[in-house]
Structure formats: C-alpha cells, structure tokens
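Here the structure is a predicted model, which is why all the values come from computation and not from measurement. Reminder, nothing fancy here: chain letters follow the sequence lines and each chain counts from 1.
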Number of protein chains: 2
Amino acid sequence: MARISDGTKREAILDAAVVEIARHGYHQTTVAMIARRAGVADGTIYLYFSNKEEILFSLFERAMGRFISEGRTEVDQGASATEKLSRIVELHLTLVGRDRDLAIISQVELRHSLHFMDQLSRNQVGEYLAILGQVVVQGMEEGNFRADLDPVFAAKAIFGVLDEMATDWVLSRKNKRLESQAGSALDFLFGGLGVS
Amino acid sequence: MARISDGTKREAILDAAVVEIARHGYHQTTVAMIARRAGVADGTIYLYFSNKEEILFSLFERAMGRFISEGRTEVDQGASATEKLSRIVELHLTLVGRDRDLAIISQVELRHSLHFMDQLSRNQVGEYLAILGQVVVQGMEEGNFRADLDPVFAAKAIFGVLDEMATDWVLSRKNKRLESQAGSALDFLFGGLGVS
DNA sequence: GAGTTTAATGAATGACTATTCAGTATACTA
DNA sequence: TAGTATACTGAATAGTCATTCATTAAACTC
C-alpha cells in the first residue's frame, strides 16, 4: 500500500477541498463532501489532517507558499524598485486570476474568523508586506520614490489596492481578465509613491 | 407590555450581538449567548429576527446606514474634490476606529461567505464606491486629478487602501489611533490621483 | 506465502445548537 | 374586574456533522 508520506492522497484531499469550499463555503462544506470528491473515505481525511480547520490552514499554506516563492523570484529579476514593483503587481494579479476557486478561498473563505486572519496576517501576509516594504525602501534610496514615504504604510497601501482588485474580481461575474487592469494599478501606485 | 414596535428590544439584541460576535466570531456565537447578553429568552430573538443570519444582516445594515449617511453629509460639506476626499478619508478612519467591536464585525465577520459578500458588494459597498467615483469625476472635471483616470478603478483603489488600513488596525493590538494615519493615506491617494 | 505493519474504510457516536411552540405573564380594553 | 390581545419564556425537538475506531485491505519482509 502506498506510503502515507507519498503525499499524493494528501494533495488529492486538498484539491477536493478547494473545489468544494469555493463552491459551498467552508461552513457548508462537510468533511464527507471533501472525502467524496477526493475519492476517499471520511475517516481517511483524519489520517492526513487532525481536523477540518487544518485543511483550510494547509490550503492556505500551500497557495501562499507558491505565491511568495514566485514573488521572490520576480523581485530578484527586477533591477530597480519600479521594475520590481511592476513585476509584483503583474504576478499578484496573474496568480489570483489564474484559478477562480483558489481565489475565492483566499479572498473570502480564509478570512472567516479573527483568529484565522490573525494567523495569516502574522505569517504569510506579513512576509509579503515585508517584501513590498523592502522594494519601497529601495525605491526611496534610488531617489525614484518620494523621500517622505513611510515604507510600512506604503506596503499596506499597495497591498490594499491589489487585494481590493482581487476581491472585486472574485465577486464580479464578468470574465474580464484581472491582469488587464495591471496598467491602471501601476499608474495609481507609482503616483502614490511619488514616481515622477 | 411594551410594544414590539418600540424597537428598544431589537436594538438591545443587536447591541448584544455586536459584542458576542466580535468576541467569539459569528459561528462560535450561539443564539443563546446573544439572548443571555441582551437579557431576553432565546425564543424572543425569533420575534425580532427570522433566523440567526438575519441578525448579522441587520447589524450590517444598521452600521452601514450610519456610515453612508454621514459620508454623504461630509461630501456635501466639501467644495472641491480634494476637500471632499479628505473628509471622506478622515470620516472613514474615524468611524471604523471608533468602535473596535463593530470594526471586527465589518472587517472580518461580515465577510464570511461569498453569498454574504456578494450582498454587501452589490448594495452598501457599491453605494459607497459610487460616491467615491463621483468625487473622482469631479476632481477630473476641476482639472485637479489626472485626466486619464478610470473613475471606477480609482474608487476601488481608494477603497482598497482604506479597507486595508482598517483591517490592519483591527488585527494589530497596538492602540494607535486609526485616524493618525489619515495624512499618509491622503498623500498616497492624492499622488495616485495625480494631484499636483 | 505466512506474518507483520501500515493504510483505508464507513457506520456509529456524541455533541452541539438553531428553531419551535405550548404555556405564562403582562398590558390593554370596556 | 373580566376578558382579550400581545409579548415573552425556555424546555424540548430535530437535524446536522465532525470525529472515532473496530474492522478490512493492502503492502512489505524474510
């Protein structure tokens, strides 16, 4: 029998969870529904996750892990801060826009509870904000961004704009591609950052 | 016996709900908990609300109603678009920052489900975005904002920044007043809008 | 291929809680 | 004050589901 450490069954469960939770919401999704879609028995879920909430956590870690690692790569490929920011914006919108189910999870379902949001904010989102903050600092040092910026605040503002765009896209039924607004977003953000 | 139409008991229930839901989250809050805090029997809740979810809806309507009406007043008091926007930003941060429990409800608990967010977005938040959009249009007509702005996009971006600030404040344990960042926010937003 | 270990199953359990409603209390009416 | 209408109560109901665990199946070992 396949070793539990293969990870393929675990992945299957997470994949199933994305679909079910995106479709019905976390609280309306039963463990049985996830098990059924993943093609395993209810009890099997508990061999891989200690409880239902851990599935949601794992879902997020998996998604955000990809997000951050790709983000770092993009940042490393840009030279100037403006270039790095362009890449981040493009990537953020592309990644969110790639998979609507996953977007629903990250824009809506993961924000269920204070406790949950707190976790996110302290860990993954915090890391993302830190990356943004570093780019802002670099831009200031290069003399391309306003000298009186507060990098921590600016990072939040940038994130706020991107996050609102993502949420809006998830809620709108239009099929307009999210990335298509990257230009407007950059114009706005560069303006806010004082890029001349 | 007091008439049901007095509304005082209904208000008491909503007040109790804000506290309990902010403290424990919507799903961990039982109807019995709300009833207990409001000083009424469990069954009494159902004389005023048809089910638990309607309490959450009503909570939101009550809060957002105040928000929008005060928002309109502020807008009407400003002459130029820049002045109006300053007032809106100040008001938004002040109102959110005034009551942490209510802020938790609006920044976290009300965003529970796609269905719920959809409602918000379509109605109250949509109205708020419309107000912001009008201000942007005015600013463009006055020649103070960039001419190539997309007002619908700009409204979302403004809202995104304010909303992220609010969420961050709710999650942070610091007691820094939210309004204290209004200046930074305005600098950023005016920059994004191309105010020279 | 007998024996052992590991993985998977799914029916049963147990706990929880939104909602109901028969009964009680309070206010109004004449 | 008797009678009626309205508001309130809280124990009982009814349904839901996360989680467990005794049993079965598969894989590995030598």
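Atom P of nucleotide dT20(D) and atom CZ of F49(A) are separated by 15 Å, given to the nearest angstrom. Atom CD in Q28(B) sits roughly 8 Å away from atom P in dT17(C) (whole-Å rounding). Summarising the geometry, the separation between NZ on K9(A) and C1' on dA8(C) is reported as 7 Å, rounded to the nearest angstrom. For the pair E54(A) CD and dT19(D) P, the computed distance is 10 Å after rounding to whole Å. Y48(A) places its OH atom 10 Å from the C1' atom of dT6(C), with the value rounded to the nearest Å. If you take CD1 of I13(A) and C1' of dT9(C), they are 13 Å apart, rounded to a whole angstrom. In this structure, CD of E20(B) is placed 15 Å from C1' of dT17(C), rounded to the nearest angstrom.
Around the CG atom of D148(A), the shell of radius 6.0 Å holds more than 12 heavy atoms that belong to other residues, nucleotides or ligands.
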With 3.5 Å as the limit, what N/O pairs link the protein to nucleotides 18-22 of chain C?
{"residue": "dA18(C)", "atom": "OP1", "partner": "K52(B)", "partner atom": "NZ", "Å": "3.3"}
{"residue": "dA18(C)", "atom": "OP2", "partner": "V31(B)", "partner atom": "N", "Å": "2.6"}
{"residue": "dT19(C)", "atom": "OP2", "partner": "Y46(B)", "partner atom": "OH", "Å": "2.8"}
{"residue": "dT19(C)", "atom": "OP2", "partner": "K52(B)", "partner atom": "N", "Å": "2.9"}

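Closest to the side chain of L47(A), from the set dC8(D), dA7(C), dG10(D), is dA7(C).
The one candidate from D15(B), I13(B), L14(B), L110(B) that meets the side-chain contact (heavy atoms from CB on, under 4.5 Å) condition with L59(B) is L14(B).
The backbone N or O of W169(B) sits less than 3.5 Å from a side-chain atom of R100(B), completing a donor-acceptor pair.
For residues 104-118 of chain B, the side chain to side chain donor-acceptor pair (under 3.5 Å) pairs, not counting sequence neighbours, are R173(A)-D118(B), Q107(B)-D163(B), Q107(B)-T167(B), E109(B)-H112(B), R111(B)-D163(B), D118(B)-R122(B). Under the salt bridge (Lys or Arg N to Asp or Glu O under 4.0 Å) criterion, the residue pairs touching residues 174-185 of chain A are R177(A)-E179(A), with sequence neighbours excluded.
Summarising the geometry of L178(A) relative to G97(A), their closest heavy-atom pair is CD2-N, 4.0 Å, with the distance given to 0.1 Å.
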